[in-house]
Each structure stands twice: as C-alpha cells, then as structure tokens.
Amino acid sequence: MLLETALDVQPVDLMAARMQMALSLGWHIVIACFGVGMPAITVLAEWRGYRTGDPNYALLARRWAKAMGVLFAVGAVSGTILSFEMGLLWPGLMGVYGEVIGLPFTLEGIAFFIEAIFLGIYLYAWDRLSPRLHLLSAVPVLVAGVASAFFVVTANAWMQQPTGFDEENGRIISVDPAAAMFNPATPSQSVHMILAAFMVAGFGMASVYAVALLRGRRDRYHTLGFLLPFAVAALVTPVQIGVGDWSAHFVADNQPVKLAAMEGIFETQSGVPLHIGGVVIDDEMQYALEIPYGLSLLAHFDPNAEIMGLNEVPQDEWPPVNLVHLAFQAMVGAGFALLALSAWLAVVWKRHKALPRTAWFLRGACVSGVLAVLALEAGWVVTEVGRQPWIVFGVLRTSDAVNPAPGLLYGFLLVTVVYAALTVATVYVLRRLARDIPIPVAPQESDVSGYRIT
Amino acid sequence: MPLAEILLAAMWICLTAYALFGGADFGGGFWDLVAGRTEAGRPQRNLIEHSIGPIWEANHVWLIFVIVLAWTGMPSVFAAISSTLYIPLTLAALGIIARGSAFAFRKVSTEVWQQRLFGATFAASSVVTPFFLGTVAGALASGRVPPGIAAGHPVWSWVNPTSMASGLFAIGTTAYLAAAYLTQDARRVGDPVLVSAFRSRALVAGAVMGVLAVAELIVLSRDAPQLFRELTAGKAWPFAVTSAAAGVLSLVLMWRRQFLAVRLSAALAVTALLWGWGVGQYPEILPGATVADVASTRSVLSANLIAIVIAGLLVIPSLWWLYALFQRDQRDAGAPRHE
C-alpha cells in the first residue's frame, strides 16, 4: 500500500548499486571471517601458554589479540554500513520483506553485542583479570562470532530459498519467522560459511609466519605461530570439501539454473560431463576439460542423470554464465590446492614430527591465506551472482528492489574511494603491527601513554 | 499496549542508549578535534582514548538495533526513510567507517604523523557523523519523508532549516555529553588540570546547548509547526520542560563540581528530549502513516520482542561488567600502571 514499485531505474544505477553492495559486502566478509576464526585460534594459543608455560604461546596470543582489536573495529564498522545499505540500495527488498528476515538480524544484533562487550573485556582487561577468568572472557566472543555468522547466513539463505511467508498484492499478510530463518538452504549454506571463516582466518594467520619461516626465522616462536593456525585450517579443509559437495547437491536439486550456470550447461541432457576450466563463447562451453558423466554423477549420484540446461528458462532469467562458471572453478581449485597443502603437512608431520623441509611447501603456505580468501570470494560470487537476476529467488527481481533515487553511481564512486583508503590503511597498520616489538603486557591498555613523544 | 507500540518503544530505548553512550563517544571525537596541537593536546587525547577505547564498539551496537528493529517492525517506513534520505545516510555511514577504523588505527600507531592522520580522521568524522544523523532526524521531525520508496526530495528533504538546526544540535549534544562524562573520568584518573579543562568545556558546551535549544525551537515553530505545538502545548510538553530543567540543573551541578550527578542530569536532558520528540510525533511515523498502518504482522513483532527480552537478559549484565571493569580505578586493581 505504502510502497510504489520501482520507477525507471537507470541501468547504470542498478549496476552501481550492485557493485557498491558487492564491494562493501565482499570487503566485510573477509574481515568478518577473521572475526569468527581468529578469537578461537588466539584463545587456543593463550590456553596452551597457560597450560605449558611456554612464553612463545603467550606472546603469540598477545600479538594476535592486538591485531584482532584492529580487525574487529574495522569489521564492526564495515558491517554497520551493510545494514544501512540494505535500505539505501535495496528499499524494494527491505520495504516488503524486511519483516520476514528481521528475526535473524535481531539475533545477529544480540550476538554482535555480546561479541563487542566481551572483546572489549578480553582485549583491555588482560591485566585486570586472573589468567583463568581472562581466558573464559573470550568464550562468549567465540560463541557469538560463530552465532552471528550463522544468523546472517540464514538471511542470505532465505534469499536463495524464500519460505515462511504469505503475500497478497505485494503485501505480506502472514509470516512464520522461524520457518523463514530455518529455510531449506540454511543448513548447508551456514555450515559452509562458518568453515570458510575458519579456513580464511587459519590460513591467513599462518601465511604471515610462513613468510617469516621462508626468510629463515625458524625459531620456535615462528614455527608455533605457523603451525597452530595452519593446523586448525588444515583440519577444517577436508570437512569443508565434503560440505561443499553437500551445498552443490542442494543447488542441483533446488536452484538448477544456478547449477547450469556454474557448469555452463545450455541444453537439458542426461549423462552430462563435468567441465573443468573453459569459457563460454556464443552459448557454448569452449576449451574445457571434460570428464564424461562427471556432473551427472556428482550432482545426482547417477552417471545418466538428467541435468537441466539454461534453455529451460527465458534468457532474461539467466545469471551471468561466465562469471559464475569461473568463480566456481576458482573456488573448487583453491579448495583442492589447500587440501593438498594440508595433506602434505600431515604426511610429513606423521613421519618426521617436523615441517616439510622443502621451500616449496612454505611458498605454498605463504599463499594459502590468499587462496582461502580467493575461495571465499569466489564461492560468494557463485552464491550471489548465480542467484541473479533475482534478489529473492523466484520472488523479486534485483531491478525491482533497487533504490530508484537518482545518483546512485556517485554514491558508489564515493564508497569506492573510502574503501580504497580503508584497505590501504588496514593493510599498512597490520603490517606495522606484525613487526611491532616488544608486545606490552596488556595488548591494548598499557600502551595508551607509551607513545613516543617525538 | 499493542505489540507494535512495544517494539517501537524498544527501538526508541535503543536510540536513546545510542545517543547517550555512542553519542558521548562521538563527543569524545569532538573534543579530540579541538584539543589543540599535538603536544598540547596529548593529555586530553590520551584521556579520551583511554575512556572510550574498551567500550565504543559495544556502544555502537545500539545503532544496529535501531536499524534492524526499524526494518523488522515497520519495513515500509525503513524503506521510505533510507531511500529518500540516502545521501545523508550514506555520508553518516561513511563517517562511521572512517571514525571507528581510524580510532583503532591510531590506537596501535606509534609514529606521530600516523597518530595525527588517524586522529584527525577520527575526530573530524566524529563531528560530521552526528551532523548527518541529526539532519535525518530533522527530516523526519519536519515531515519531509513521505511514505513510499524515494518519494521525498533527495536533497531538500534533508537540506532545510529543521535538518540543519538538528544537525548542529546533534553535534552539540554529543560534545556536551562527552565533556560531562570526561570530567568525571579525569577526576578518577586524578588529573586536576584535565578536570578543570573539561569542566570549563562542559560549561561552555552546556551554555551553547541552551542557545541551540532555543534556536531549534524557533526553527521548529516555523518549519515544523505541528511538532512545535506538541512540544510546547501538546502531549510532549512535560518532556520538553524536563529536558530544559535537567539541562539547567546540569550546568549548576557542573559549576559546583558534582561530576557524578552531572552525568545523570545530562543524560536525563538528552533522554527527555528524544522521548519528547517521539511522543510529540506519535502516532504518525511518516506524514499520513500511523504506527498501525505500517506495523509488521503480529508473529514478527512477537518473535522479535521475545528476542529483545533475551537480548536484555544477556546484554545488560554483560554491559554492566564491562563498564564496571573499566570505571574501577586502575590503581585499585593492583597492577602497576605505565610509569
């Protein structure tokens, strides 16, 4: 009643809105992964230090805590912008469906609150609490971090599989908030995302120490700094590949158009091969390595299973095929590379109780963080771009959700400049932190008046 | 009381908390900005940083609740506000980014040029952000955001007398709150020079606020007559009177160095003002749209109210611990402090 349908939105403004959302969400998602995974790894180090008395663990924990303070601040503000942007960019979505997906965001708000409060305590009260209580103060941070990832992903999963509401003439008449939250896409998508967060944080942190090891600083401090986060990420990786398979089956069953785009399938057929690599030219997959019956087998456990092609839906309902296909290839490729790296370490460790000696392993480990971020971003592109042109799958088109106000392009340009500056500053500060010696007792507090005067 | 009103009240409580706690953090940035040159301003900057460091992120979360409850409880209103006012809201959002990250960056910076750069970014965005949020409040208070997506004017909806006055008023409020809070913090740290510095700043800010309040009322009387009537003669007048009285009381208490009591009276002045606005505008949220018109379905309202109760049970004791932990004098905690 109160909502007018989107007026004539300029294509350039729709694209600007999508790019702005992609930029701010794609940026936040990386930082948020550290917010989910890093506290667990840091607390693991602190706990080991507490148990073994090894000062290296304690030093690592303090250094990571300090970086966590920076990352959490940046994550908190870049996440806040997203809640603004939900309305600034997509009022057509929020104006109607805001109430349907409101509950997970309220719960996410609670989780974020708990995380912010206890992180404040964990980072600043290092010398005000007993070691045991200090360690315990991090537990709510861990739980809340995982919980907020879960809640946010349920809202995204709802956009893939909208359930739990009835609509009449563009107005919501009844909502089942729990059904909307626990929609069919929630289980596989949320588990996939949470594991991805641990991989990004673990491999990302390990990369920093892999660089130091490669440069010859092979002391216990750097070895532990590498091993602890790498081991966490390495343990998660094979599980993640299994969960990825689960996710892919879900997409095959529920979003066949997305699967068709992921694999570049244009005609519905049975016994479909798996495409590795390749690029789509004139609605045909070219230069791909084909594994006969592969896709049918993977998607439906049957070499002759039928796979729906893009020809089944009108062309204006196709997602951008090449982008989705390449992103999917990148995600899978990066995931298997990380698996190989993890297996390499596991085999050598089992035999020699030491790191692999070759520099190639460490070189791989140096880029493992980049690979994990690549897999994360690519996977997110598959999920989100693969859903286009729908913002709510099968219910609302992105072009009908966008803010019809003029000038979104300028907003996007401004946001791009701010994020570029933010990226430069964040990277610079984190690099400085990594070299900062010595680490004070309380990573945040005691340095307040310790600034050099000149 | 119907569910929609309860959710609206919960949202307004979150808005009040954001104004009181987050607002004071913004005000810290204001005083950081005017603290003087690098060396001269260092003690003040250190106090500000020390006071807000552990708590600003928690204080900031109230804003998220306001936004989320808005789209959950009255989605069409959220859509109308954010689509019409996307310019000031985008600028406020960017200000929030610049402010929070620059504060964290400065905290870990060791070189003066970095501290200057990040400090200036933090301080400037602390002033700019409340201004834009204030213009948004002014746009709503003067009825310039009609229902419907992007139905209001993208510029004149927030560039107008009420919005400009409210933007300045918002900056003044944050500065005044921060000065009032920081005076007590300075006393706790045991620094008489800082105490008197922030005391005189609070007195000046309080006096300026008095002038701004009168100016705001004059602007409202011409630009938003309906709200003006409610605030002066209608159902909201007790709030307006309370706010003014608490403001005057704060100045007296500040003069008499009752710094702890000032915190309460200053908070009361701001709280009464916000609730006066809310009560004055109720039941119309946007022109021609009452709460009943825009409220979400019952199941959504009740599910979210349950979530809010859970939030209260989890968050309030945690917040209490956080504040108590850092309000306690460091010297009492037994740890030697940076000598």
Side-chain angles (χ1 to χ4, degrees), chain A residues 2-4 6 66 69-70 72-74 76-78 80-81 83-84 86-88 91-92 94-96 98-99 102-103 105-107 109-110 112-114 116-118 120-121 124-125 127-128 172 174-177 403-407 411 415 418 422 425 429 433 444 446 448-452, chain B residues 46 49-50 53-55 57-58 60-61 63-65 67-69 71-72 75-76 78-79 82-83 86 89-90 93-94 96-98 100-101 103-105 107-108 110 115 147-151 154 289 294 296-297 299-300 303-304 307-308 310-311 314-315 318-319 321-322 325-326 333 335 338:
Chain A
L2 292 171
L3 286 167
E4 295 161 11
K66 197 152 183 168
V70 171
F72 188 76
V74 173
V77 292
S78 64
T80 306
I81 306 321
S83 60
F84 276 79
M86 296 287 274
L88 300 176
M94 301 312 289
V96 179
E99 60 178 301
L103 182 62
F105 283 108
T106 306
L107 296 173
I110 301 173
F112 180 42
F113 220 142
I114 295 292
I117 292 170
F118 283 93
I121 293 172
Y124 285 84
D127 52 3
R128 294 183 182 219
I172 301 291
S174 76
V175 182
D176 179 347
N403 189 351
V415 166
V418 170
L422 185 62
V429 166
L433 269 188
Q444 297 291 337
S446 299
V448 171
S449 52
Y451 291 157
R452 259 180 296 149
Chain B
N46 282 346
E49 188 164 300
H50 183 61
I55 53 172
E57 277 162 327
H60 166 85
V61 185
L63 176 65
I64 312 240
F65 272 110
I67 296 173
V68 168
L69 292 182
W71 83 48
T72 306
S76 61
F78 174 74
S82 49
S83 56
Y86 80 95
L89 284 171
T90 301
L94 294 179
I96 287 171
I97 281 212
S101 46
F103 180 74
F105 294 158
K107 184 135 199 68
V108 294
T110 47
Q115 292 173 16
I149 289 177
V294 298
S296 295
T297 48
S299 56
V300 170
N304 280 278
I308 289 167
I310 295 171
L314 289 174
V315 166
S318 312
L319 263 184
W321 193 35
L322 175 71
L325 206 52
F326 295 103
H338 28 268

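Order of the sequence lines fixes the chain letters, A, B, ..., with proteins taken first and strands second; residue numbering starts at 1 for each chain.
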Practice problem: Among the options A:V175, A:V418, A:D176, pick out the one with the most heavy-atom pairs lying under 4.5 Å from chain B. | Solution: A:V175
Quiz item: side chain to side chain contact (heavy atoms under 4.5 Å, CB included) between A:L103 and B:T72: does it pass, once the steps are laid out?
Solution: CA-CA 7 Å; A:L103 182 62; B:T72 306; over 6 Å; no
Self-check item: Choice from B:G100, B:S299, B:A104 maximising heavy atom contacts with chain A below 4.5 Å
Solution: B:S299
Self-check item: Heavy-atom side-chain proximity of A:E99 to B:P75 below 4.5 angstrom
Solution: yes
Quiz item: Based on non-hydrogen pairs under 4.5 Å, which of B:I67, B:I310, B:N304, B:I64 is most in contact with chain A?
Solution: B:N304
Exercise. Go through the atoms of B:I55 and report whether side chain, backbone, both or neither lie under 4.5 Å from a heavy atom of chain A.
Key: neither
Quiz item: Any chance the side chains of A:N403 and B:S83 put a donor and an acceptor closer than 3.5 Å?
Solution: no
Quiz item: Side chain, backbone, both or neither: which part of A:S83 has a heavy atom under 4.5 Å from chain B?
Solution: both
Self-check item: When A:I172, A:V415, A:L107, A:I81 are compared by non-hydrogen pairs under 4.5 Å with chain B, the top option
Solution: A:I81
Self-check item: Residue pair A:F84 / B:S82, side-chain heavy-atom distance below 4.5 Å
Solution: no
Quiz item: Of the listed residues (A:G407, A:G87, A:G411), which shares the most heavy-atom pairs with chain B below a 4.5 Å separation?
Solution: A:G87
Quiz prompt | Any side-chain heavy-atom pair of A:F113 and B:L319 under 4.5 Å | solution = yes
Self-check item: Residue among B:V68, B:L63, B:I97, B:L89 with most heavy-atom pairs under 4.5 Å to chain A
Solution: B:I97
Practice problem: Return the orientation label for the B:W71 and A:F105 ring planes: parallel under 30°, perpendicular over 60°, tilted otherwise. | Solution: perpendicular
Exercise. Using the six-membered ring wherever Trp is involved, compare the ring planes of B:H60 and A:F112 and label them parallel, tilted or perpendicular (cut-offs 30° and 60°).
Key: perpendicular
